[in-house]
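Worksheet for the structure shown next.
When a residue number appears, it is its place in the shown sequence, counting from 1. Ligands are counted one by one from 1 in listed order, and the atoms in each one are counted from 1 as well. Given the structure is predicted, the values throughout are model-derived calculations rather than measurements.
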Amino acid sequence: MSCFLAGFADQCFEAEKIGLEAKLPRRYINKKFKNVVLCGMGGSAIGADLIRDYLKYEIKLPVSVNKDYRLADFVGKDTLLIALSYSGNTEETISAFRAALKKKAAVIALSSGGKLKRLSLKSRVPFVKIPAGFAPRCALGYLFFSCLVILSRCGVIKSKKKEIKKTVGLIRNMGCLMAPYVSVKDNEAKRIAGELYGRFVVIYGSTSTTEAAALRLRSQLAENSKSLSSVHLLPEMNHNEIVGWRHPGRLLKNFAAVFLIDEHDLKEIQKRIKISWKIIEKTGAKVIGIRSAGNSLLSRMFSLIYISDWISYYLAVLNGVNPTPVKMIDYLKKEIGRR
Ligand code: PA5
């Protein structure tokens with residue numbers, strides 16, 4: 001896991017190249033698509049969540065993430081649909097892929113191989129191969145950046161070359177500050193992991209800015225640190241979950257609330273974070289803020305993703321667990337395949 005984290009900047013850089021070199025049919029370039037659908041599950045879906053958040057205020061087309069067997073009724077011949085599955089064998093994604101073919105959507109498949117590759121070749125769907133040998137969640141760079149470049153090559157968004165370069169540079173710098181050889185007093189990821197250790201973690205992101213990063217932190221705490229946590233978003237959580245910070249009273253001191261904070265959060269959201277922070281602190285729970293870094297939306301999003309990944313790694317170390325295996329997911333897939 002630490003090797004993946006140390007090599008993440010290089011992975012993102014390589015992914016951009018994969019996206020640029022992917023063979024796309026002419027009929028996909030500058031076609032007047034009406035919507036974009038990204039299909040995937042778990043570690044392969046988080047890249048899609050990030051793309052949806054990243055493009056939200058930039059493109060006119062609706063971008064949706066489909067984490068299901070079926071597709072919404074609006075999907076049709078004017079849809080650009082990218083099926084993302086690291087292994088290429090995830091049944092929900094395969095099922096959505098087949099449904100998209102039936103609906104005559106413009107489909108692209110992205111995986112390291114598996115059934116998705118075989119089906120794509122058989123049905124003459126453009127197939128983009130990413131390197132094998134990673135855990136799906138460790139291939140986020142490949143999944144996100146190659147997909148982003150493909151969207152720009154299809155003419156759905158403008159080129160992100162500059163932003164990608166800056167983001168890769170920021171990740172590289174952050175990697176030096178959070179590496180295992182950096183002592184806890186200078187290492188923010190180690191410090192936060194220490195604060196979360198032994199606590200139930202409640203993660204709060206904000207809709208549109210830090211939503212996908214909040215989801216990623218929850219998934220990484222589960223899969224790497226083998227820790228249960230929950231996630232909710234502002235402003236919505238101010239309209240329900242905040243009331244729940246009362247019971248079970250004695251146990252709340254064993255909770256930690258983590259706010260993901262972005263300087264571009266609306267003023268209203270910043271105010272809500274401050275007030276919510278105070279309310280939660282009064283219960284005896286630990287409250288922590290993680291601020292994004294960098295000067296573009298892409299950099300800020302990836303700064304949160306990257307620190308979250310390191311935190312989950314250090315929490316795994318503190319929990320005395322191996323961050324890589326995900327036995328429960330493997331067991332579930334096997335059982336479902338058998339039935
Ligand atoms: O992290 C994991 O192993 C899972 O969340 C997988 O990503 C998920 O089960 C989907 O598999 P795949 O990414 O191979 O499509």
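- Heavy-atom proximity to K333, at under 4.0 Å, picks out these atoms of ligand 1: 8 (C), 9 (O), 10 (C), 11 (O).
- Ring-centre distance between F145 and F302: below the 6.0 Å cut-off.
- Ligand 1 places these atoms under 4.0 Å from at least one heavy atom of G42: 5 (O), 7 (O).
- Of all the atoms in ligand 1, the ones that sit under 4.0 Å from a non-hydrogen atom of S44 are 7 (O), 12 (P), 13 (O), 15 (O).
- At least one N or O atom of G43, backbone or side chain, sits closer than 3.5 Å to an N or O atom of ligand 1.
- Between R137 and D309, none of the side-chain N atoms (NZ, or NE/NH1/NH2) sits under 4.0 Å from a carboxylate O, so this pair counts as no salt bridge.
- Both the backbone and the side chain of S85 come within 4.0 Å of ligand 1, judged by heavy-atom distances.
- Among the atoms of T93, none of the N or O lies under 3.5 angstrom from an N or O of ligand 1.
- Shortest contact from atom 12 (P) of ligand 1 to any protein heavy atom: T90 OG1, 3.1 Å.
- At a threshold of 4.0 Å, the pair R338-E335 counts as salt-bridged, since one of the basic side-chain nitrogens sits closer than that to a carboxylate oxygen.
- Nearest to atom 14 (O) of ligand 1 among the protein's heavy atoms is S87 OG, 2.6 Å.
- Among pairs with a residue in residues 247-276, those fulfilling salt bridge (charged side-chain N to carboxylate O under 4.0 Å, His left out) read D262-R300, at least two apart in sequence or across chains.
- Judged as a ring-ring contact (aromatic ring centres under 6.0 Å, His included), and not counting sequence neighbours, the contacts of F134 are Y142.
- Under the side chain to side chain contact (heavy atoms under 4.5 Å, CB included) rule, L116 has a single partner from I94, T90, N89, which is I94.
- Counting only heavy atoms of the protein, atom 2 (C) of ligand 1 lies nearest to E223 OE1, 3.2 Å.
- Residues Y197 and Y314 keep their aromatic ring centres 6.0 Å or farther apart.
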